[in-house]
Amino acid sequence: MQKNTYKLLTEKMGISSEVLNIIEQAELEISAGFDKLDDIKSYNQYKVLEVLRECRLSDMHFAWNTGYGYDDVGRETLEKAYARLFNTEDAIVRPLIVNGTHALTLTLTGILRPGDEIVYCTGAPYDTLEEVIGIRGEGKGSLKEFGVTYKQVDLLENGRIDLEGVKNIINGKTRMMCVQRATGYGWRKAITIPEIQEWVETVKSVNPDIICMADNCYGEFMDVNEPTDVGVDVIAGSLIKNPGGGLALSGGYIAGRKDLIESISYRMTSPGIGKECGLTFGQSRSMFQGLFMAPSVVCGAVKGAALCAKVFEKLGYEVCPASNEERSDIIQSVKLGSADAVIAFCQGIQEAAPVDSHVVPEPWAMPGYSDPVIMAAGAFVQGSSIELSADAPIREPYIVYFQGGLTYEHSKFGVIKAVQSLCDKGILRF
């Protein structure tokens, strides 16, 4: 670590030399792997650039109109860019999609009909989708209430998709099969693009008419390919995660086959109107610019996640994925073993934030979750998890989920402050 930086962190920001030493050792041990991440970043940066050039992006696409949003050339060009970027026939990209769960809900409810069956092939879905599907809750507006049945295929012990289980569960009612690429609140590695390709080929070999859907949240720009490049019919995600690049103020996207996007658009607005309406409220510029910045931002976040893994490995904690393993999302899981440790970790992340660093996060009953959840996210965009953040359900075995950072340096500082917070609270001793 450079002399001036070391002095600033120790004398001005209260970081102990012991903490900085272990961070520096960990960084040296993993830095050789950064070349591969930089190569993926470069590929995706040029891919995004070429798409925007092909779309003939111009200043006029940043203007906006009012009312119904008819003839919004910025919105139409943004959706064309997403479709080309993800190698699909069509896309929906809207600021009025409130989060990733909303994008996924539109996808599921837009496609599935009474009597259909949906199968999750990566075990249980993310917590907030349980009420959407009808696994938990009172079922108001859930798929279950509308006569859609649900099954799941758990992952194998090694974290891979159970392809034999997938083949065996398919029946005459199976309409859609899904994978969740990111770990969610699980203890597993993210599902890689080659694994997704193998899964799609398995499903289509049994019945080519089954729709394959991938929850792509946290996974964009992690590889040179996306799920739709390897046969997935439709994907969905959030703009305040990877593809918004930290600049999109809100929104979500859905990309896929044209017929599926049309059905989903009818759920989004109304039958017969679909994508033709929907004001963008002047957000086109930030969504375009965020997309352009996204490959670089994602790369910094991935490097920060790898550093987090290495540091906590050295401190004797279990981590997932390991620091030297291939990654397919930006999330780093650390098994801390106690509620106090989880809270201390998250409070350290909050202290590292540029916004609301003075706020002290505590667990609370967050809507859509079955356990109290603590969330640390002092972000320029509220709730943006491509910015430095950490969160965890307060339940055994007390796993915290670290992600984001608009720059590698900020992600690294999050790791520094998390370790320092554990030390300050007497949980960690060198």
Side-chain angles (χ1 to χ4, degrees), residues 1 5-27 30 185 300-301 303-320 323 330-364 366 371-380 383-385 387-430:
M1 187 173 293
T5 304
Y6 187 91
K7 185 176 180 180
L8 174 68
L9 292 174
T10 54
E11 296 183 9
K12 289 276 191 179
M13 305 183 81
I15 308 300
S16 72
S17 58
E18 292 84 1
V19 169
L20 292 182
N21 287 342
I22 196 166
I23 299 292
E24 188 169 22
Q25 291 168 20
E27 189 174 45
I30 64 167
Y185 280 157
K303 289 178 179 178
L307 177 65
C308 181
K310 189 63 179 179
V311 168
F312 280 87
E313 283 173 350
K314 292 175 75 66
L315 293 172
Y317 291 93
E318 289 185 69
V319 301
C320 184
S323 59
I330 65 170
I331 301 168
Q332 181 59 51
S333 308
V334 183
K335 193 177 292 185
L336 292 172
S338 74
D340 287 344
V342 166
I343 293 168
F345 184 106
C346 290
Q347 289 177 349
I349 296 298
Q350 189 72 38
E351 290 174 2
V355 180
D356 287 334
S357 61
H358 58 284
V359 172
V360 181
E362 295 286 351
W364 66 296
M366 191 171 180
D371 298 284
V373 174
I374 184 168
M375 290 199 169
F380 292 101
S384 172
S385 43
E387 299 187 54
L388 178 66
S389 58
D391 52 284
I394 305 301
R395 65 185 179 214
E396 293 183 346
Y398 300 109
I399 299 168
V400 72
Y401 300 87
F402 169 93
Q403 62 267 321
L406 296 181
T407 67
Y408 169 62
E409 288 74 19
H410 191 213
S411 190
K412 175 180 175 179
F413 188 61
V415 180
I416 291 170
K417 286 293 288 182
V419 175
Q420 187 66 58
S421 180
L422 288 164
C423 292
D424 291 345
K425 292 175 173 60
I427 296 168
L428 184 63
R429 292 182 177 86
F430 289 103

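Here SG of Cys308 is found 13.5 Å from NZ of Lys412. Values are rounded to the nearest 0.5 Å. Remark: Ile416 CD1 to Ser421 OG distance equals 13.5 Å, nearest 0.5 Å. Rounded to the nearest 0.5 angstrom, Gln420 CD and Lys425 NZ are separated by 10.0 Å. Here the CG-SG distance, from Leu315 to Cys423, works out to 7.5 Å after rounding to the nearest 0.5 Å. From Glu387, atom CD reaches atom CG of Leu406 across 4.5 Å, with rounding to the nearest 0.5 Å. Rounding to the nearest 0.5 angstrom, the gap separating the CD atom in Gln350 from the OG atom in Ser389 is 10.0 Å.
Considering all non-hydrogen atoms of both residues, Ile427 and Ala344 come closest at CD1-CB, 3.9 Å. A pairwise comparison of heavy atoms in Ala418 and Ile349 identifies CB-CD1, 4.1 Å as the closest pair. When all heavy atoms of Val415 and Gly304 are compared, the closest pair comes out as CG2-O, 4.1 Å. Heavy-atom minimum distance, Ile343 versus Pro363: CD1-CG, 3.9 Å.
Applying the salt bridge (charged side-chain N to carboxylate O under 4.0 Å, His left out) definition to pairs two or more places apart or across chains, none involves residues 9-21. Residues in residues 308-317 take part in these side-chain hydrogen bond (donor to acceptor under 3.5 Å, both in side chains) pairs, two or more places apart or across chains: Glu29-Lys310, Glu29-Lys314, Glu313-Ser323.
Side-chain contact annotation: Tyr185 with Asp391, donor-acceptor N/O pair under 3.5 Å present.
At least one side-chain heavy atom of Glu362 sits under 4.5 Å from a side-chain heavy atom of Gln347. Between Met375 and Pro361 there is no side-chain heavy-atom pair separated by less than 4.5 Å. Inter-residue side-chain proximity for Leu307 and Ser411 is flagged as unmet; no heavy-atom pair is nearer than 4.5 Å. Side chains of Pro393 and Tyr401 form a contact here, defined as non-hydrogen atoms less than 4.5 Å apart. In this structure, the side chains of Tyr6 and Glu24 stay at 4.5 Å or more apart for every pair of heavy atoms. Looking only at side-chain heavy atoms (C-beta outward), Asp340 and Tyr398 stay at 4.5 Å or farther from each other. Put simply, the side chain of Pro354 reaches to within 4.5 Å of the side chain of His410, judged on heavy atoms. Using a 4.5 Å heavy-atom cutoff, the side chains of Val400 and Gln332 are not in contact.
Ring-plane geometry between Phe402 and Phe345 is classed as perpendicular, the angle between the planes exceeding 60 degrees on a 0 to 90 degree scale with a lower cut at 30.
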*After noting the C-alpha distance and the side-chain angles of Gln25 and Val311, does the key distance pass the side chain to side chain contact (heavy atoms under 4.5 Å, CB included) rule?*
CA-CA 8 Å; Gln25 291 168 20; Val311 168; over 6 Å; no
*Begin from the C-alpha positions of Ile394 and Asp371 and carry the test side chain to side chain contact (heavy atoms under 4.5 Å, CB included) through to its verdict.*
CA-CA 6 Å; Ile394 305 301; Asp371 298 284; 5.8 Å; no
